Each structure stands twice: as structure tokens, then as C-alpha cells.
Amino acid sequence: MTAADLKVGQSIEIQLEREGYIYHLLSKVHETGRNKVYILPITSGAKTLRFEPDDEIKLICRTRERLLAWSNVKGGVEFLEGEKYHVLHVSGEAESYNRRNSYRVPYGKAHDCVQRRYEKVEAAGMMKDVLHQKFRAIVKDISESGVALIAMQTLEKGDFVEFVLEDEGIQMECEARVVRCMPVEGSERKKLYGCTLTKVSRDFTKFVLETQRKQLQNLRGGK
């Protein structure tokens with residue numbers, strides 16, 4: 001598929017990586033040209049998103065059979081018949097795309113957590129709760145499948161962490177399993193824990209996307 005094969009009105013996805021975070025943006029095709037795709041402007045409030053030279057951009061579209069993507073895309077703004085549109089510069093044909101990674105959204109709020117550790121009791125063929133301890137942690141970032149925590153508490157790989165996120169009065173219970181631990185630069189006691197979510201409330205995915213939308217308001221933009 002080339003840019004010219006995209007249909008006017010077709011929904012497309014822009015995966016934008018900036019400063020270590022991945023943003024998931026949606027728009028529709030307005031017009032196509034040679035190695036160009038014009039899309040409806042991506043806005044947040046009164047601002048229009050401004051693409052930066054260092055942005056890493058993928059343009060993703062869906063056919064009946066599969067997902068396709070162009071990499072190394074450059075973004076900008078152009079005017080067509082006096083109206084402003086975002087334009088994405090692509091080259092060559094789109095390649096098959098496998099959606100493997102969830103979108104990581106900065107969060108940065110402190111929460112009360114519970115650390116749990118289980119050990120297998122061979123004779124009984126079951127898991128026994130051997131640790132149940134409260135602690136405080138900063139939820140550094142979130143995605144649909146994982147979370148990063150910063151805490152002074154010592155957590156081991158395989159430990160479970162329980163916490164509750166709240167948004168506009170809605171409480172979302174979360175459980176995550178620790179999969180990696182890294183030191184925090186400049187601190188002797190704090191550690192960064194990467195965790196895979198094992199249980200979340202139904203509204204969690206919506207919460208992640210809404211948090212991401214609010215984060216986009218902080219990206220540079222112009223009227």
C-alpha cells in the first residue's frame with residue numbers, strides 16, 4: 001500500500017514518541033498526494049499539535065486483513081484552500097505492523113499500596129500469602145498493561161502490589177506483579193519497579209486514554 005491508496009475519510013492512527021513517552025493519536029484522511037497524507041488537525045483545547053523535528057512517528061492504518069504502518073514519518077502543517085491541516089510525509093510502501101507495545105503515559109502521583117508475596121506450599125498444592133505490608137509509592141507512569149512505581153519499599157521480582165487509582169470519583173482497583181527493579185539516579189534508597197498489571201477495574205483502559213488526552217494538552221502547540 002502507498003499513500004495514494006488511502007481513502008478520504010479513512011481513520012488512521014499516529015503513534016508519536018516524544019521524550020520517552022508514546023502517544024496514541026487518531027485522525028482521518030482528508031486528502032492524499034505523492035508521499036503525503038493530509039489529515040484533520042489534531043487539537044487539544046484551543047491548541048493544534050505541533051510536530052517537532054525529533055519526534056519519532058509511525059502512521060498506522062487498518063485493512064480488512066491486517067495492520068500496516070509507515071515508519072520514519074515527518075509531520076507538519078499545511079494549508080489547503082485556506083484551511084489548516086496536518087500533513088504526514090511518508091515514503092515507499094507501508095509494511096505489516098504488529099501491535100506489541102502498550103502506550104506508556106506519564107502519571108506521577110503518590111498512592112498507598114499493599115505488597116503481597118506468595119509461596120507455594122508443596123504438600124497442599126496451593127499458594128500461601130506470606131507477606132502483607134502497606135507502603136507508599138509514586139505511580140510514575142501507566143499503560144494498558146503495566147505500571148512503573150518509585151518506592152523506598154524493598155520489592156522482589158514476583159511480588160504483587162495492590163493499589164487504587166481514582167478519577168472523578170471513580171475508584172479503580174489494580175494489582176500488578178513486579179518484573180524488574182532499577183536504581184533511581186541520585187537516591188540510595190528509592191527504586192524504580194517495572195510491573196505487569198494482573199488485575200484492573202473495567203474503567204482502567206478508559207482512564208489511561210483519558211489521562212493521555214490530558215497529557216497531550218501539555219505538548220507544545222499553537223493556535
Side-chain angles (χ1 to χ4, degrees), residues 13 15-26 44 56 58 67 97-219:
E13 173 183 332
Q15 180 177 300
L16 184 153
E17 185 170 351
R18 178 182 292 180
E19 297 178 351
Y21 293 101
I22 297 175
Y23 298 90
H24 174 218
L25 313 172
L26 299 175
S44 178
E56 294 185 18
K58 282 186 174 71
L67 286 174
Y97 179 70
N98 182 14
R99 191 190 301 280
R100 292 184 299 256
N101 298 318
S102 298
Y103 302 101
R104 190 160 55 98
V105 181
Y107 189 65
K109 295 182 180 180
H111 286 273
D112 293 322
C113 302
V114 175
Q115 175 189 9
R116 289 184 178 271
R117 185 175 302 159
Y118 299 92
E119 291 183 359
K120 188 174 182 179
V121 181
E122 297 291 345
M126 59 183 294
M127 301 297 290
K128 179 181 179 182
D129 187 349
V130 297
L131 181 64
H132 183 168
Q133 191 166 342
K134 295 181 179 180
F135 69 101
R136 190 84 167 162
I138 295 173
V139 180
K140 180 178 179 289
D141 56 57
I142 56 176
S143 75
E144 292 181 77
S145 61
V147 62
L149 304 174
I150 296 177
M152 290 189 289
Q153 184 80 356
T154 299
L155 305 176
E156 295 183 2
K157 290 183 181 180
D159 283 356
F160 287 83
V161 179
E162 298 172 355
F163 56 94
V164 177
L165 300 179
E166 186 170 349
D167 181 58
E168 297 181 353
I170 299 175
Q171 291 190 335
M172 289 156 286
E173 296 182 359
C174 304
E175 178 191 78
R177 181 169 57 87
V178 178
V179 295
R180 62 183 177 275
C181 172
M182 293 162 284
V184 173
E185 186 176 353
S187 175
E188 295 182 358
R189 297 184 60 191
K190 291 181 181 179
K191 295 290 190 300
L192 174 64
Y193 296 99
C195 308
T196 298
L197 287 166
T198 54
K199 183 174 68 177
V200 294
S201 297
R202 181 179 298 177
D203 294 321
F204 183 77
T205 297
K206 180 181 177 182
F207 169 73
V208 171
L209 295 175
E210 179 62 19
T211 302
Q212 184 180 74
R213 185 191 67 78
K214 293 176 182 178
Q215 289 288 337
L216 286 173
Q217 296 177 0
N218 296 325
L219 294 177

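This is a predicted model, so every value here is computed, not measured. All residue numbers in this chain count up from 1 along the given sequence.
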Side-chain donor or acceptor of [X] paired with backbone N/O of [Y] under 3.5 Å:
X    : Y    : answer
Y193 : A151 : no
H111 : V164 : yes
S201 : F204 : no
T198 : E175 : yes

E173/K199 salt bridge by N-O under 4.0 Å criterion: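 Answer for the salt bridge query: no.
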Electrostatic pair R136-D112, nearest N-O below 4.0 angstrom: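 Between D112 and R136 there is a salt bridge, with a charged N closer than 4.0 Å to a carboxylate O.
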Would you say [X] and [Y] make side-chain contact, with heavy atoms under 4.5 Å?
X    : Y    : answer
T196 : V179 : yes
Q15  : E56  : no
V114 : H132 : yes

Worked verdict on Y97 versus E13 for side-chain hydrogen bond (donor to acceptor under 3.5 Å, both in side chains): CA-CA 12 Å; Y97 179 70; E13 173 183 332; 5.6 Å; no
Side chain to side chain contact (heavy atoms under 4.5 Å, CB included) between L165 and F207, worked out: CA-CA 9 Å; L165 300 179; F207 169 73; 3.5 Å; yes
Atom pair [atom1]/[atom2] of [X] and [Y] - distance to nearest 0.5 Å:
X    : Y    : atom1 : atom2 : result
Q212 : L25  : CD    : CG    : 7.0 Å
F135 : Q115 : CZ    : CD    : 6.0 Å
M172 : F163 : CE    : CZ    : 10.0 Å
K191 : T154 : NZ    : OG1   : 7.0 Å
E17  : R104 : CD    : CZ    : 8.0 Å
E210 : D203 : CD    : CG    : 11.5 Å

Nearest heavy-atom pair of [X] and [Y]: which atoms, and what distance?
X    : Y    : result
T211 : P106 : CG2-O, 4.1 Å
I142 : Y107 : CD1-CD1, 4.3 Å
A176 : V147 : CB-CG1, 3.9 Å
L197 : S143 : CD1-O, 3.7 Å
V184 : L192 : CG2-N, 3.6 Å

Test log, rule side chain to side chain contact (heavy atoms under 4.5 Å, CB included), inputs L149 and I138: CA-CA 6 Å; L149 304 174; I138 295 173; over 6 Å; no
Greater than 12 external heavy atoms within 6.0 Å of M182's CE: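 Count over threshold, so yes.
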Those residues that, when tested against E156, pass salt bridge (Lys or Arg N to Asp or Glu O under 4.0 Å) (two or more places apart):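 So E156 forms a salt bridge (Lys or Arg N to Asp or Glu O under 4.0 Å) with R117.
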